[in-house]
Number of protein chains: 2
Amino acid sequence: MPHDHAELLKHIKADMPSDELLQDLGDLFKIFGDTTRIKIMYALYEDEMCVCAIADLLGMTQSAISHQLKVLKAANLVESRRDGKTIYYRLADEHVKSIIAQGYEHITE
Amino acid sequence: MPHDHAELLKHIKADMPSDELLQDLGDLFKIFGDTTRIKIMYALYEDEMCVCAIADLLGMTQSAISHQLKVLKAANLVESRRDGKTIYYRLADEHVKSIIAQGYEHITE
DNA sequence: GTATCATATGAACGATTGCTCATATGTTCA
DNA sequence: TGAACATATGAGCAATCGTTCATATGATAC
């Protein structure tokens, strides 16, 4: 007979956040899980930047960057403002920086 | 003529971590970017747990959990110890908790 | 109006990913 | 040794993802 952990699981289950929240959490980290998006966020670390400057910096297509910025914006990780033809992107809040910083620490320790 | 940002990029490029580190950072977050793995890490938040208990808790196959634990272990996010037939897994360090906590904050604010 | 620059977007394609299934490894107990 | 339990692993498949390409939208200047 396989061993039983009904009692243990009852307690842990009670402490777990809802499936929906855990799903959202996974979706958030999925966005950090791509080198291009990480580079974009690092590029915006100090100051806002326009799309074509980011594309130049990363040596990538304007289209590719634009697609990724859309993903980042949908997750409220970046914000944008328009100035004439140009659109400037910036990090949305401090969480972005601290999440990256924590990951950085884990890797470089 | 498209506008020029050579001067700006020179400064930002100097401040960016190496491509290799940014790749590693993306790879790390990719691991957090899956609901199953997030659930596993949450399950281990308070205490160690054996593979079959985790499988029971998440209502998933032992095989599926085992595969994911391998991924988590390869990234130094969990550690394990054997006790007889059973293998207990636990979180490897505090970074795991703080990364999750930062993500949680971003979502629930 | 037209031309040009800056950005956004939709479709398509190749690559990666997470699960399932079958099976292998490792441990305990009789 | 053999049977039962706990875990690990390899192959295969469906689904997801990131890029490219072509094209659309939007703004400015003439």
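The sequence lines fix the lettering, A, B, ..., with proteins before strands; numbering per chain opens at 1.
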(request) Answer yes or no: is there a donor N or O on one side and an acceptor on the other, between the side chain of B:Y45 and the main chain of B:K97, under 3.5 Å? (result) yes
(request) Assess the side chains of A:T36 and A:Q68: does a donor N or O sit below 3.5 Å from an acceptor N or O? (result) no
(message) What I want to check is whether the side chains of A:Q102 and B:H95 have a donor and an acceptor closer together than 3.5 Å.
(response) no
(message) Using every non-hydrogen atom in the two residues, find where A:A75 and B:H106 come nearest and quote the distance to one decimal.
(response) O-NE2, 3.3 Å
(request) For the side chain of A:I87, starting at C-beta, report the closest nucleotide among C:dA6, C:dG18, C:dA8. (result) C:dA8
(message) Closest approach to the side chain of B:D34, judged atom by atom: which nucleotide of D:dG18, D:dC17, C:dG18 is it?
(response) C:dG18
(message) Check this one for me: any side-chain N or O of A:R82 less than 4.0 Å away from OP1 or OP2 of C:dA6?
(response) no
(message) Side-chain N or O of A:Y89 versus OP1/OP2 of C:dA8: is the shortest distance under 4.0 Å?
(response) yes
Please give, in whole Å, the distance from [N] [atom2] to [X] [atom1]?
{"X": "A:K30", "N": "D:dT16", "atom1": "NZ", "atom2": "P", "value": "9 Å"}
{"X": "B:I38", "N": "C:dT17", "atom1": "CD1", "atom2": "C1'", "value": "16 Å"}
{"X": "B:R37", "N": "C:dT16", "atom1": "CZ", "atom2": "P", "value": "16 Å"}
{"X": "A:F29", "N": "D:dC17", "atom1": "CZ", "atom2": "P", "value": "17 Å"}
{"X": "A:K85", "N": "C:dA6", "atom1": "NZ", "atom2": "P", "value": "6 Å"}
{"X": "B:Y88", "N": "D:dA8", "atom1": "OH", "atom2": "P", "value": "13 Å"}

(message) Test side-chain contact (heavy atoms from CB on, under 4.5 Å) on B:H11 and A:E46; report intermediate values, then the result.
(response) CA-CA 11 Å; B:H11 289 106; A:E46 299 302 336; over 6 Å; no
(message) Can you classify the ring geometry of B:F32 versus B:F29 as parallel (below 30°), tilted (30 to 60°) or perpendicular (above 60°)?
(response) tilted
(message) Within residues 46-81 of chain B, which residues have any heavy atom lying less than 4.0 Å from an atom of DNA chain D?
(response) B:C50, B:V51, B:C52, B:Q62, B:S63, B:S66, B:H67, B:K70
